[in-house]
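Take a look at the structure below.
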Amino acid sequence: MTTHTPTGALSAGPAAGADHLLAPAVVRRATGMLLSAAPGASAIAVGLHREGRRALVVRGHIAHHSHVPADADTRFEAGSLTKTFTALLLAEQAARGDLGHHDPLARHLPAATRLPSGGTAITLTHLATHTSGLPRLPPGLLRSAAPLLFTNPYAAFTPDDVLSALARTRLRAAPGSRVRYSNFGLGLLGHALTGAAGGTPYPALLDARVLRPLGLRDTGCATSAAEGGGQATGYWYGRARPPFRIPGLPAAGALRTSARDLLALVEAILDPDPASAPAAVPGVLRTALSDVTRPRVRLPNGRGLSLVWNIRRRPDGSDLYHHSGATRGFTAFAGFNPRHATALVALANAAPGPGNALVQEAYNALIGLQG
């Protein structure tokens, strides 16, 4: 099944004219490999954007042995792509004045929270650029995950567990000195954003400040779709998986989203200009959409980081921004190149593993879009 929609990065409004659609030949070339890149999936959804033209292409059904076709509004688990939404929420709160990018983490955590040795130097930007020195996972999580390893490894680790684990943590590097990917760090960033907003839970805060203003109706932390919506079943080595749960670290991986919403997000980042945005989008969010792509870390190999997004310098001097995500049943990718005004998102309801080349094929297809 193939669905095309017009541009309208900040709106879920009605379709415009066919002049906003990508040419069929471009769509076929970009999606040819992608639509078979995750052979264990029952559904793959792809969104494409180039210079103001777009397409959404969806193939398959919401589950194996299901007769319900997937479409551009079908929800998939986003895994670590959640972090890119968390980055936008950080930038929005900074633009609003709730916090500063370089605020100490401790300032926005509960007063009784104990930090590890050296932890007082950790800032919110360190968390959002994986330079906090924190390990990938909080101490104690693997022990709680063992009984749930093949289904929901994070499900038994609560917010209280996360904060108490912080005191038992040993930093792997001085804050700001080294890039080290950390689910723990991004999860803690979510706790800090909640604290800066007076205790509003992360799902409600993200919905109010980012999702609703951008018209992202299919995106959220709920494990089931709203009435009338569709949600894909995830698969791991051919076995259906229960909905992913991550109560202690929702800012690191709790979101579900659709191809339509995910493409709208990256289109909004590509073009946050107030002239192209509806009046309903607050000015602070437009500021945040620009801020989230500002390079924060440059590495000697031509790579870097903005707020969460990975940056890779291309041979023509342009910067390609990208991030991927995964859960026990899903694989996800989003990327864009501002200079070439290109973007691509891809979602599949199969976990990473042998034969699943979705992320690499999506990356290659994004590069190919600029041609």
Side-chain angles (χ1 to χ4, degrees), residues 1-16 18 20-38 41 43-60 62 69-79 81-82 84-85 88 211 214-219 229-232 255-271 289 309 320-325 330-338 340-349 358-370:
M1 171 182 172
T2 302
T3 305
H4 295 287
T5 63
T7 53
L10 300 177
S11 172
H20 292 290
L21 303 181
L22 275 171
V26 173
V27 175
R28 285 194 298 271
R29 185 168 63 248
T31 61
M33 298 292 289
L34 261 178
L35 292 176
S36 58
I44 295 180
V46 179
L48 310 167
H49 177 103
R50 186 171 78 176
E51 297 179 339
R53 298 173 184 270
R54 72 193 316 242
L56 290 160
V57 182
V58 184
R59 189 176 78 177
I62 63 170
D71 60 28
D73 301 312
T74 298
R75 298 170 89 232
F76 294 71
E77 290 173 345
L81 274 184
T82 301
T84 63
F85 289 80
L88 185 53
L211 304 181
L214 291 180
L216 307 184
R217 297 177 297 181
D218 303 316
T219 305
Q231 184 155 302
L255 279 185
R256 279 81 175 160
T257 191
S258 66
R260 189 187 306 279
D261 276 7
L262 194 53
L263 183 61
L265 173 73
V266 294
E267 286 175 333
I269 295 172
L270 274 178
D271 183 15
L289 288 163
W309 289 97
L320 189 152
Y321 292 73
H322 65 98
H323 209 287
S324 61
F330 292 82
T331 307
F333 173 88
F336 56 94
N337 187 317
H340 296 290
T342 55
L344 186 147
V345 303
L347 299 162
N349 63 334
L358 184 87
V359 171
Q360 186 59 56
E361 291 297 344
Y363 186 90
N364 293 340
L366 173 58
I367 293 172
L369 271 181
Q370 73 185 51

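Any value given below was found using the heavy atoms of this structure, including those in side chains, with hydrogens, waters and symmetry copies removed.
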For [X] and [Y], work out which heavy atoms get closest and say how close.
X    : Y    : answer
R50  : L22  : CB-CD2, 3.8 Å
P69  : I62  : O-CG2, 4.1 Å
L81  : A332 : CD1-CB, 3.5 Å
A268 : L214 : CB-CD2, 4.4 Å
W309 : A334 : CZ3-O, 3.5 Å

Considering residues at least two apart in sequence or located in another chain, which fulfil the side chain to side chain contact (heavy atoms under 4.5 Å, CB included) criterion with [X]?
X    : value
A362 : L34, F333, L344, A346
A343 : H49, V266, L270, F336
A30  : L48, L369
A43  : A70, F76, N349

(message) Could you measure the distance from the CD atom of Q231 to the CZ atom of R256? Nearest 0.5 Å is fine.
(response) 6.0 Å
(message) Set out, in order, the CA-CA distance, both residues' side-chain angles and the distance that settles side chain to side chain contact (heavy atoms under 4.5 Å, CB included) for L265 and L88, then state yes or no.
(response) CA-CA 10 Å; L265 173 73; L88 185 53; 3.8 Å; yes
(message) Taking ring-ring contact (aromatic ring centres under 6.0 Å, His included) as the definition, give me every residue that meets it alongside H322, ordered by chain and number, with sequence neighbours left out.
(response) Y363
(request) Could you list the residues that satisfy ring-ring contact (aromatic ring centres under 6.0 Å, His included) with F85, not counting sequence neighbours? (result) none
Output all residues satisfying side-chain hydrogen bond (donor to acceptor under 3.5 Å, both in side chains) with [X], sequence neighbours left out; order by chain, then residue number.
X    : result
T219 : T257, D261
Q370 : none
T82  : none

(request) Taking salt bridge (Lys or Arg N to Asp or Glu O under 4.0 Å) as the test, write out the residues that go with R75, two or more places apart. (result) none
(request) Under the side chain to side chain contact (heavy atoms under 4.5 Å, CB included) rule, what do S36 and R59 come out as? Steps first, then yes or no, please. (result) CA-CA 9 Å; S36 58; R59 189 176 78 177; 4.0 Å; yes
